[in-house]
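Residue numbers start at 1 and run along the sequence shown.
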Amino acid sequence: MTACIVGWAHTPFGKLDDPDIESLFGRVARAAIEDAGIGAAEVDGAFVGVFNGGFSKQDFFASLLLQSVPELRFKPTTRYENACATGSAALHGALDFLAAGRGRFALVVGAEKMTATPGPQIGDILLGASYRKDEGDIPAGFAGVFGRIAESYFQRHGDQSDALAAIAAKNHRNGVANPYAQMRKDLGFAFCRAESEKNPFVAPPLKRTDCSLVSDGAAALILTDEETAKSMGKAVRFRAAVQTTDLMPIAQRDVIRFEGARAAWGQALDRAGLALSDLSFVETHDCFTVAELIEYEAMGLVPEGQGARAALEGWTAKDGRLPVNPSGGLKSKGHPIGATGVSMHVLAAMQLTGTAGDMQLPKADRAGVFNMGGAAVANYCSILERVG
């Protein structure tokens, strides 16, 4: 059974007035159902992605969805969590539900409320996505984990500070056109490259502009089977949807190779019967700029150790050979953890249906979406294309 996206909704990302997850659910769940052109009673199951980890004292979020969509009462509704890939985990739950023939329409909602939590507590919560036994005392929390990854990459392949700044500048430039983005400002290469009072080191060699933003936000999708989708207003087909999982401790693997990401990309392209060159663009998980750099290599855009070429030679710009993060990515858009994977699929679907507004690429036939949890531990890769 081939699944399709037939509806979606997305809040702005940033510091929102919504007091809690329940409020964020209310902004996207019914809106996605209406966007698909179906009735709420037609939804057969719902799949909720919320990381939480301490951001909210309220938990058990799946049942809260009924507060905004009471038609879901007595239908299966389940909450998923898989670190920063939580949204994609919920999406895969919906794909499995449809493939099993348990329903015709599935609702996927991802959300997070982060900005009400004090900064030091945020850092500690995010460390829960690392192996605390070995990595719990790394300075600067989860940013420190990726700072170590960047240090290791620099030691093996040379100082890549120019490439990281180019990635940050590209994503901030792209984010200007994204109405949902938390930071819609073209910061420029020079600002991203230089250490300054406004751009200090957070976890050397990573500066503030190398780190994604703490955000509130939500996104939602409606999925159905391809036959049903063909009769609807719009449809984006999953050519492939792959999940791989790697060891959590960074000391137990060659962490700068992102082998789990490499496996996910390889399997997804193989199942889709496509090469990377067949894709029009990619939305990838730039929680830190060094992650996007290594992901260029993991997806096969460049050989190992040559990620800087793609960044510095403009390969991944909107007018490059493979645009990466035309939405602005997590770097500009923001990273409300549970919403991120769902958001990436929404924005890819908008491109593929020609409804991305100022973000729209001149050619958008097929897309790759890569969302990861932890330091390339939970890896999800989708290959999407428009139907018709």
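Closest non-hydrogen pair, Leu293 versus Gly307, comes out as CD1-C, 3.4 Å. Scanning both residues, Leu213 and Ser332, for their nearest heavy atoms gives CD1-O, 3.8 Å. Nearest heavy-atom pair, Asn371 versus Ala85, reported as atom, atom and distance to 0.1 Å: OD1-CA, 3.3 Å. Contact between Glu112 and Gly338 at its shortest, heavy atoms only, is OE1-N, 2.7 Å.
Here the options are Leu72, Thr77, Leu221, the test is side-chain contact (heavy atoms from CB on, under 4.5 Å), and the partner is Leu107; only Leu72 passes.
Using a 4.5 Å heavy-atom threshold, the side chains of Leu16 and Thr11 count as touching. Looking only at side-chain heavy atoms (C-beta outward), Val387 and Cys4 come within less than 4.5 Å of each other. When side chains are defined from C-beta on, Phe191 counts as touching Ser196, because their heavy atoms get closer than 4.5 Å. Counting heavy atoms from C-beta outward, Phe154 and Leu164 have side chains that approach closer than 4.5 Å.
For the residue pair Asn52/Asp59, the side-chain donor-acceptor check at 3.5 Å is satisfied.
Aromatic pair Phe370/Tyr380: ring centres not closer than 6.0 Å. Ring centroid separation for the pair His10 and Tyr180 comes in under the 6.0 Å cut-off.
The number of heavy-atom neighbours closer than 6.0 Å to CG of Asp137, taken from other residues, nucleotides and ligands shown, is 12 or below.
Using a cutoff of 4.0 Å between basic side-chain nitrogens and carboxylate oxygens, Lys170 and Glu292 are scored as salt-bridged. Salt bridge absent: Glu195 and Lys207 never bring a charged side-chain N and a carboxylate O closer than 4.0 Å.
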